[in-house]
Amino acid sequence: MKGKKIIIKTRRKKIMNRQEVEKKWQDYWYSNKIFKAIDFSPKPKYYALIEFPYPSGAGMHVGHVRAFSSMEVVSRKRRMEGYNVLFPIGFDAFGLPTENYAIKTGIHPRDITDKNIKTFTEQLKQVGFSFDFDRVIDTTDESYYKWTEFIFRKLYDKGLAYRSHTYVNYCPTCKVVLSNEESQGGVCDRCNTQVIQKDKDVWFLKITSYAEDLLDGLKDLDTSQRIKVEQENWIGRSEGAFIDFSLDGTDDKFTVFTTRPDTLFGSTFTVIAPEHPLISKYKDRILNYSEVEEYKKNANLKTEFERVQLQKDKTGVKLLGLNAINPINGKALPIYVADYVMMGYGTGAIMAVPAHDTRDYEFAKKFNIDMIEVISGGDISKEAYTDIYNGTLVNSEFLNGLSVKDAKVKIIEELEKRGVGSRAVSYKMKDWAFNRQRYWGEPIPIIYCPNCGIVPLPYDDLPVVLPKIKNFEPNKDGESPLASLKEFTECSCPKCGSKARRETDTMPQWAGSSWYYLRYTDPNNDKEFASYDKMKYWLPVDWYNGGMEHVTRHLIYSRFWNEFLYDEGLVPYKEPYKKRTAQGLILGPDGEKMSKSKGNVIDPIDVVNEYGADVLRLYILFISDYEMATPWNKDAIKGCARFLDKVEALKEKVNKDQMDYTPQNKVIINKTIKEVSEDIESSKYNTAIAKLMILTNALTESESISRLDYETLLKLLNPFTPHIAEELWHLYNNDTIQYAEYPKYDPNSLISNTCTMVVSVNGKRRDEFTCERDLDDEKVKEIAISLDKVKPYIENGIKKIIVVKNKIVNIVV
RNA sequence: GCGAGAAUGGCGUAAUGGUAGCCGCGUUAGACUCAAAAUCUAAUGGUAGUGAUACUGUGAGGGUUCGAGUCCCUCUUCUCGCACCA
């Protein structure tokens, strides 16, 4: 402890006190509103967006700093490039952790949230982020969630919000219904409890009707392959056909979905999901109904996790007394109930073609069902032949001899002609389960009237305000605490005036974040969610950075809302984001994911207190490639502190009156300007910083440097380490560096007029020499073979000499 | 199982098909100091050698090329995403 104090003292004597200087400039920036975004400014606009944080009690995390730092650097650079920058911040403050904390402590979520937002805001300012703090939004503020309710109401009007009775993912610990997105892998997103299937009344948003648009919009999104592919997989489009199978002895039929209609002649049985309505409908005709009921019950008991575990072990029950008719050849096929067919995908029923589908193959083997080979080329005695590129149709009457591709077209034509099938597209994505039985969320503006049924609240009556309550515990039925509050639930029907009941479920946390980027353009508007003109000016978001984990949830949800609002004529652009990047995780020093329980959490504010905000910002971007997960190294950060000390020490060498580049540094400065700028644009912050270090090392080796040399370095540094840049800039300037013109490079000064030629023999480096640029190839060869170190290797004759201009000579012997 | 990505010193990482290891950390030696820290200087992939230097080296094995960390094929391991999706 004593030693540490001495270190700080020594540093203070030699160089600036970072924390003091940082505080000074933060006060200057924020009190003068240096980062204010100006509506309708004639400058070109730039909208940089980061995912707004959840204001947890733990405060800011180093992960937040990394997530925000990329757009922070870009925003500061854009301001210097003459843009009118919108770089906003807000808080996604509804949600379970706050509510759970309220249950534990009895403190109201409103008070917890306010306190956490205050702390978080202070921490953001301590790091010096250049947000426009005049546009802060809070999703739990009545003036904000009024518009979240408004959008829900719009969705309802269009039939895109509906109530349905289905099996849902339910977390027994959190006592909430979860969406597929929140229960990936069969466990609850928040608490890792195994999700169970529960029969419930649920609000859904019909995101599936936007599946095609959501897929389409990805085409123009500037993003990594990974982010695109993840969204595509999530939407999960597949092309195929609906085919009707009639039920033997009835006038009824059921429809299957298949991507392989070409194999229809090879179908030897059909399978329906345990939840398929056919079962109860033909209760009386199914001879083994009790066995089927039993199977159905067991299937529902299985958790998602168990289903995955038992993936290979197929189970099922044959429906006795009920057969399906293959529409193409009139053959009677047995119907099985099996849980490897899901009610939630396609039609919940399949035509099974064991010869050409792996799952059907396993099932057929287990239940001793026949197979018919209809695509030649494989060996179906060993395994299902699923190749769709090779192979020819056989045993399929009019399809025989065709390729899979052609057979698909022809069979669909035939089915359509006969009126028993059609081309179809199916999506993996399901409708979005949109309610939670909790208090701390946006109320759903719906009323249940005994006469009129479901009635939406009139627009003029919005918002439904969350009442201030004292007991936040959900009740025993897993209902929201609002359900036990008479003052809230009792109301009158807006249509007929009779006594009615208010919806007590609230919206999921993803609601508020589905449109927040719109609100930033006009955060204080109390007439509309944002003015059309302002949205037209600011949108679309030019660059959006956020977590990889939000690619399949938040990104898709928010694009859905935007596309919907666009169709309603309420927003000016169909796609909200032009470009999307994602940062990697920062792991603990032990290489594990940071967590309280592992005790490996690094608090960014501790780093600010020890090294300063500039060092924190610099290190977080220098640590590795921006997209890569990397462990924190408590020693490596010292290198960043040393670097900034060096930058400061350079001031002693500056010739104040020299306003051009010093000749010996001209090339490296121009090169650095070019490369740092390009690196920032392609999210290579780590190499950008490495190049700034190289430049600083070069300037340190110079006898003296010019004012322009130094100011150029400071400008290039400003996006990364604005405090020290501002402080040193003021040695020579009175105005802020934040709007100083970003340096430009001179293409003619990027290369020196001499170059180093490497000489290798058979690809092995042997020597090098320096010569003028673009020297004639013949002369280069002459010099190369005359070198003493090269001579011994070419004694036995030369086969060939390859010269790569200004780079390398390779002598082949 | 399917899809995407990755594998380079003691560590984090860097290299338009053209000097592998930039930049940073760490380590070693030296300077300053009574001493330590900080700072500065030098060295630092491995093996051999006092040394110039030589050989070797980017997960493994093949290939293309004058030349491969980079391109192609096969394999191994790891990370991420999806997962009985019909």
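Just so it is clear: chains get the letters A, B, ... in the order the sequence lines come, proteins before strands, and each one is counted from 1.
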If you measure from the [atom1] atom in [N] to the same atom in [M], how many Å do you get, rounded?
| N | M | atom1 | answer |
| --- | --- | --- | --- |
| B:U19 | B:C34 | C1' | 48 Å |
| B:U44 | B:U53 | P | 12 Å |
| B:G10 | B:U27 | C1' | 8 Å |
| B:U77 | B:C25 | P | 37 Å |
| B:U56 | B:G9 | C1' | 14 Å |
| B:C32 | B:U41 | P | 15 Å |
| B:A4 | B:G24 | P | 38 Å |
| B:A43 | B:U74 | P | 45 Å |

In whole angstroms, how far is the P atom of B:C84 from the CZ atom of A:Arg260?
-> 20 Å

Please state how far atom CG in A:Asp767 lies from atom C1' in B:A52, giving the value in whole angstrom units.
-> 13 Å

Has [X] got a side-chain N or O lying under 4.0 Å from the OP1 or OP2 atom of [N]?
| X | N | answer |
| --- | --- | --- |
| A:Tyr793 | B:A54 | yes |
| A:Thr630 | B:U13 | yes |
| A:Ser238 | B:A86 | yes |
| A:Lys428 | B:A86 | no |

Are A:Phe245 and A:Met351 close enough, and set up right, to give a side-chain contact (heavy atoms from CB on, under 4.5 Å), and what steps lead you there?
-> CA-CA 9 Å; A:Phe245 282 65; A:Met351 58 175 228; 3.6 Å; yes

Taking any heavy-atom pair under 4.0 Å as a contact, classify [X]: base, sugar-phosphate, or nothing.
| X | answer |
| --- | --- |
| A:Lys799 | nothing |
| A:Met628 | sugar-phosphate |
| A:Asn762 | nothing |

Under a 4.0 Å N-O cut-off, is there an ion pair linking A:Asp645 with A:Arg642?
->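 The answer is no: the pair does not qualify as a salt bridge.
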
Can you give the donor-acceptor pairs under 3.5 Å from side chains of residues 687-699 of chain A to other protein atoms, not counting sequence neighbours?
residue, atom, partner, partner atom, Å
A:Thr687, OG1, A:Asp679, OD2, 3.0
A:Thr687, OG1, A:Lys684, O, 3.0
A:Lys691, NZ, A:Asp679, OD2, 2.9
A:Thr696, OG1, A:Leu692, O, 2.8
A:Asn697, OD1, A:Lys646, NZ, 2.9
A:Asn697, ND2, A:Met693, O, 3.4

B:G5 glycosidic conformation (syn if within 90° of 0, otherwise anti) is anti

Taking the side chain of A:Asp339 as heavy atoms from C-beta outward, which of B:C66, B:A54, B:C84 is closest to it?
-> B:C84

Testing B:A14, B:C66, B:U13 for proximity to the side chain of A:Ser624, the answer is B:U13

List the steps and the verdict of salt bridge (Lys or Arg N to Asp or Glu O under 4.0 Å) for A:Asp339 and A:Lys314.
-> CA-CA 8 Å; A:Asp339 65 2; A:Lys314 298 275 181 296; over 6 Å; no

Where does RNA chain B form stems of at least three consecutive Watson-Crick or G-U wobble pairs, each pair having both distances below 3.5 Å?
->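 Stems (3+ consecutive pairs) listed as B:1-7 with B:76-82, B:10-12 with B:23-25, B:26-31 with B:39-44, B:45-48 with B:53-56, B:59-63 with B:71-75.
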
Give a yes-or-no answer on whether the side chains of A:Tyr611 and A:Arg18 include a donor-acceptor pair shorter than 3.5 Å.
->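 Result is no, nothing qualifies.
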
Residues forming a side chain to side chain contact (heavy atoms under 4.5 Å, CB included) with A:Lys791, sequence neighbours excluded |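 So A:Lys791 forms a side chain to side chain contact (heavy atoms under 4.5 Å, CB included) with A:Asp788.
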
Side-chain donor-acceptor pairs of residues 581-593 of chain A under 3.5 Å, sequence neighbours excluded:
residue, atom, partner, partner atom, Å
A:Thr581, OG1, A:Trp543, NE1, 2.9
A:Thr581, OG1, A:Asn545, OD1, 2.8
A:Gln583, OE1, A:Asn545, ND2, 2.9
A:Asp590, OD1, A:Glu592, N, 3.1
A:Asp590, OD1, A:Asn600, ND2, 3.0
A:Asp590, OD2, A:Asn600, ND2, 3.3

Protein-proximity profile, nucleotides 17-27 of chain B, B/S/- by nucleotide at the 4.0 Å heavy-atom cutoff, equals -BB--SBSSS-

Apply ring pair (Phe, Tyr, Trp, His ring centres under 6.0 Å) to A:Tyr427 and list each qualifying residue two or more places apart in sequence or on a separate chain.
->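 None.
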
Whether A:Thr268 side chain and A:Asp370 backbone form a donor-acceptor pair below 3.5 Å | yes

A:Tyr336 and A:Phe367 aromatic centres sub-6.0 Å |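 Distance test on ring centres: under 6.0 Å, yes.
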
